[in-house]
Amino acid sequence: MTSTSFRKWMAVLLLFSVSWASAQVTENNQDDFDDFMYKRGSAYRSASGIPGPDYWQNRADYSLEVSLDEDEHLLAGKVQISYTNNSPEPLPFIWIHLEQNRFTADSRGTLTTPISGNRYSGDTDGGYTIRNLRSQLDKRGSEPNSIYLINDTRMQVFFSEPIPAKGGKATVSMDFEFKIPQKGMDRMGRLAVEDGTIYALAQWYPRVAVFDDVVGWNIEPYLGAGEFYLGYGDFDYKVTVPYDHIVVGSGALQNPKEVLNKELQERMDLAASSDTTVYLVRPEEVLKPALTRPKQEGTLTWHFRIENARDVAFASSRAFIWDAAAIRLPSGSMAMAQSVYPQESDGEEAWGRSTEYSKASIEHYSQKWYEYPYPVAVNVAADINGMEYPGLNFCSYKSREGSLWGVTDHEFGHNWFPMIVGTNERRYAWMDEGFNTFINHYSSEAFNNGEYGSNLDQTRRYLGWLTSEEREGIDTYPDVANTANLGMIAYMKPAMGLLMLREYILGEERFDNAFTAYIEAWAYKHPQPSDFFNIMENVAGENLSWFWKSWFYGTGNIDLAVERVVSYGNDQVIILANKGEVPMPVKLGLTYEDGSQESLMLPVEIWQRGDRWNYRHQGAKKLTKVEIDPDKLLPDINIANDSWPTAIYE
């Protein structure tokens with residue numbers, strides 16, 4: 001070696017050795033990889049993420065009868081709740097949600113709504129009237145009680161003696177009445193259309209709060225953005241309406257012969273096995289009840305039943321066009337997709353395709369994740385941007401084409417989160433909205449060969465929000481979050497997190513195994529965030545604390561960089577840096593001087609020892625380009641340092 005060559009070699013070595021030292025000796029990032037929350041198991045919740053051997057949850061079964069007064073816009077009726085206390089402690093009282101009390105001038109929700117209003121504004125002339133309450137244990141000699149307290153949207157019902165632990169039963173009954181709001185916080189209400197009024201009824205009956213092993217009674221008031229946390233049970237409900245109304249609801253219609261004439265019953269039978277949409281009530285028949293209803297005066301009572309559900313909703317109107325088609329499930333069983341909508345929403349560019357969309361959505365999720373459990377899937381056109389209930393959605397009657405597909409698919413996706421997997425929406429909106437937004441990506445890509453597609457994987461569209469000083473963490477409770485942030489922290493950021501897990505960190509097979517295990521383990525149960533984290537790690541075989549901590553429970557960002565490439569003997573060294581707060585595996589796209597390309601993945605553990613890492617790339621071919629995340633899946637906030645060479649370093 002000549003002296004000139006030696007000096008050049010020493011200069012390169014000195015430069016490289018400084019980078020090497022700073023990358024691999026001076027720091028330790030172990031805190032990023034440690035557990036960040038209590039994730040250890042108990043008898044109730046296993047460390048592996050599944051329900052523990054002593055897991056329990058209480059149960060409430062409902063029997064309901066209500067009548068609709070369309071002149072006064074009133075719903076009145078009675079409820080009987082059969083409550084089972086499976087917990088290990090006796091219960092002297094139970095808590096019940098009275099969410100119609102949100103629609104009063106002095107409710108907490110009204111008083112915490114900004115003067116300018118927001119999506120969750122609502123009427124203020126409503127609220128429940130409760131009469132004839134009776135509570136009693138289901139055992140001989142038990143004394144009835146009628147003592148209760150109402151505070152805002154919560155009712156505390158007392159018993160003469162506690163409901164025994166581990167299987168004790170009690171019954172609560174009462175009469176109730178409320179004025180149906182026109183504006184029901186974009187979740188329920190009424191809409192006047194040319195042919196009548198559409199009543200979208202949800203949060204319409206007193207609903208038992210969840211008593212669980214984590215916080216006891218979950219009694220957060222109904223304010224606005226926070227949705228619902230409900231237990232499971234069977235529902236048997238009857239709705240009496242004017243004779244010319246059509247009623248659709250959660251669950252199976254029990255008395256079709258009493259509310260449908262022979263022609264309509266035959267159409268229903270045809271739709272039950274048809275892969276294409278069949279009219280039940282045609283557009284020209286809407287105001288001609290003699291063609292479809294069994295009587296022409298008075299009222300009809302529609303009877304529905306659904307099992308192992310956490311809620312029920314229904315809709316009623318004389319203005320409904322009604323169509324349906326069969327849903328074919330992986331097991332070979334069948335369900336039925338139905339749509340109801342007014343003439344304002346009719347047409348093949350609008351709600352005329354609603355049942356097609358509904359069928360495709362339910363069949364996709366059933367095939368990919370978990371089979372749909374309910375007998376019907378009903379899409380209702382209403383003055384509601386989108387809201388979900390077991391087996392029934394309310395979607396905007398103005399939606400068309402791609403927007404109608406998107407809202408229909410999203411709301412039906414909620415049957416998996418939180419209807420099947422029963423998460424606490426009032427605390428952890430990301431566990432239903434985010435998970436649902438994630439599965440919507442794949443259903444939209446699959447529908448009709450990508451007719452509408454999805455752009456969730458274009459994560460860099462959200463860099464403006466991700467770098468905003470106003471951003472909040474995914475873990476922020478929805479009623480606490482800035483309304484402007486809710487779409488990101490509840491929907492998009494957690495969905496992007498799952499997308500990165502599946503497509504970048506774990507790979508499809510490991511992710512799908514873990515995600516389906518989570519759904520199966522917690523179907524009709526109540527998982528907490530730690531349960532989700534534990535089962536994903538145990539089934540996928542990966543410690544992901546670094547990811548949960550930084551992406552789901554932090555506001556940091558991803559910024560991976562290629563600082564330079566230097567020669568090292570016959571090899572080359574790629575000098576990498578983690579300039580952000582979220583460590584990530586590093587996927588590298590490599591281009592050689594002969595034009596060939598390949599990719600490789602460096603594990604996230606390269607960042608355990610510091611924020612720089614030198615990767616020695618062995619091979620005879622010379623690198624001409626190195627690019628981080630060549631598919632651009634990561635929402636990396638600085639694209640300028642993602643590749644080498646770049647003008648920044650040259």
Side-chain angles (χ1 to χ4, degrees), residues 63-79 129 175-182 188-202 204-205 235-271 278-305 312-324 336 338-346 376 378 380-383 392 394 397:
S63 176
L64 292 140
E65 295 182 17
V66 292
S67 297
L68 173 66
D69 181 341
E70 63 177 343
D71 293 327
E72 300 296 329
H73 303 305
L74 290 176
L75 193 74
K78 58 185 179 180
V79 59
T129 298
D175 299 334
F176 63 92
E177 177 183 300
F178 64 90
K179 180 181 179 181
I180 301 166
Q182 180 178 359
M188 53 88 63
R190 63 182 198 267
L191 167 67
V193 294
E194 183 173 339
D195 292 332
T197 299
I198 295 173
Y199 294 93
L201 274 301
W204 56 277
Y205 60 95
F235 293 79
D236 189 287
Y237 63 106
K238 298 177 180 178
V239 182
T240 299
V241 299
Y243 74 94
D244 56 351
H245 276 221
I246 291 293
V247 180
V248 290
S250 301
L253 180 64
Q254 301 296 297
N255 61 337
K257 293 182 180 180
E258 296 176 16
V259 295
L260 312 176
N261 70 4
K262 185 176 180 180
E263 174 67 22
L264 193 43
Q265 292 175 51
E266 290 175 352
R267 294 177 189 177
M268 186 76 77
D269 291 341
L270 177 62
V278 174
Y279 274 122
L280 304 180
V281 175
R282 299 187 177 102
E284 65 271 17
E285 297 173 334
V286 168
L287 294 181
K288 299 176 181 178
L291 299 176
T292 55
R293 252 64 110 232
K295 58 185 291 189
Q296 303 307 308
E297 61 181 359
T299 62
L300 287 170
T301 298
W302 298 63
H303 181 191
F304 297 89
R305 181 173 175 81
V312 288
F314 70 92
S316 181
S317 182
R318 62 171 51 85
F320 281 150
I321 301 167
W322 191 12
D323 62 37
M336 181 182 288
Q338 301 180 17
S339 299
V340 289
Y341 48 95
Q343 63 169 313
E344 290 89 336
S345 306
D346 194 15
V376 297
V378 187
V380 179
D383 191 18
L392 184 142
F394 299 132
Y397 75 108

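A salt bridge (charged side-chain N to carboxylate O under 4.0 Å, His left out) check over residues 237-248, counting only residues at least two apart or in different chains, returns the pairs D244-R318.
For E258, there are no salt bridge (Lys or Arg N to Asp or Glu O under 4.0 Å) partners two or more places apart in sequence or in a different chain. With sequence neighbours left out, the ring pair (Phe, Tyr, Trp, His ring centres under 6.0 Å) criterion links F304 to Y237. Under the rule for a side chain to side chain contact (heavy atoms under 4.5 Å, CB included), the partners of A202 that lie at least two apart in sequence or sit in another chain are M188, A313, Y389, F394. Qualifying side chain to side chain contact (heavy atoms under 4.5 Å, CB included) partners for H73, counting only residues two or more places apart in sequence or in other chains: R190, Y199. Residues meeting the side chain to side chain contact (heavy atoms under 4.5 Å, CB included) test with S339, sequence neighbours left out: D323, Y341, S354, T355, S358, N379. By the salt bridge (Lys or Arg N to Asp or Glu O under 4.0 Å) test, R267 pairs with E263, E285, sequence neighbours left out. Remark: F178 pairs with Y128 by the ring pair (Phe, Tyr, Trp, His ring centres under 6.0 Å) rule, at least two apart or across chains. With sequence neighbours excluded, the residues satisfying side chain to side chain contact (heavy atoms under 4.5 Å, CB included) with K288 are L291. Evaluation of the side-chain hydrogen bond (donor to acceptor under 3.5 Å, both in side chains) rule for T301 yields T240 as partners, not counting sequence neighbours. For the side-chain hydrogen bond (donor to acceptor under 3.5 Å, both in side chains) test, residues two or more places apart in sequence or in another chain that qualify with W322 are Q338. Every residue two or more places apart in sequence or in another chain was checked for a side-chain hydrogen bond (donor to acceptor under 3.5 Å, both in side chains) with D269, and none qualifies.
Contact of the S317 side chain with the L191 side chain is not registered, since no non-hydrogen atoms from C-beta on lie closer than 4.5 Å. Contact of the V239 side chain with the S316 side chain is not registered, since no non-hydrogen atoms from C-beta on lie closer than 4.5 Å. Side-chain contact check for E70 versus T197: every heavy-atom pair is 4.5 Å or farther apart. Two residues are said to be in side-chain contact when any heavy atoms from C-beta on lie closer than 4.5 Å; W204 and I180 fail this criterion. A 4.5 Å side-chain heavy-atom check between L260 and T292 finds every atom pair outside the cut-off. Counting only heavy atoms from C-beta outward, the side chains of Q343 and P283 never approach each other to under 4.5 Å.
Residues V380 and A315 share a closest heavy-atom pair of CG1-CB, 3.7 Å. The two atoms that bring E72 and D69 nearest to each other are N-OD1, 3.1 Å, heavy atoms only. Nearest heavy atoms, A324 versus M336: CB-SD, 3.8 Å. Among all heavy-atom pairs drawn from G196 and A319, the shortest one is N-CB, 4.1 Å. Nearest heavy atoms, E297 versus K295: O-CE, 2.9 Å. Contact detail for V378 and V376: the closest heavy-atom pair is CG2-CG2, 3.8 Å.
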Notebook entry, point to check: Would K257 and Q265 satisfy side-chain contact (heavy atoms from CB on, under 4.5 Å), going step by step from the backbone distance to the final call?
Noted result: CA-CA 7 Å; K257 293 182 180 180; Q265 292 175 51; 3.4 Å; yes

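Atom CG of D346 sits about 4.0 Å away from atom CD1 of I321, to the nearest 0.5 Å.
Results of the side chain to side chain contact (heavy atoms under 4.5 Å, CB included) test with F320 over V247, L280, V281, I246 single out I246 as the only residue that passes.
Looking only at distances, no side-chain donor or acceptor of E65 sits under 3.5 Å from a matching main-chain atom of S63. With E344 contributing its side chain and Y397 its backbone, the two residues share no donor-acceptor pair below 3.5 Å.
Under the 4.0 Å criterion applied to side-chain N and carboxylate O atoms, D236 and R305 are assigned as salt-bridge partners.
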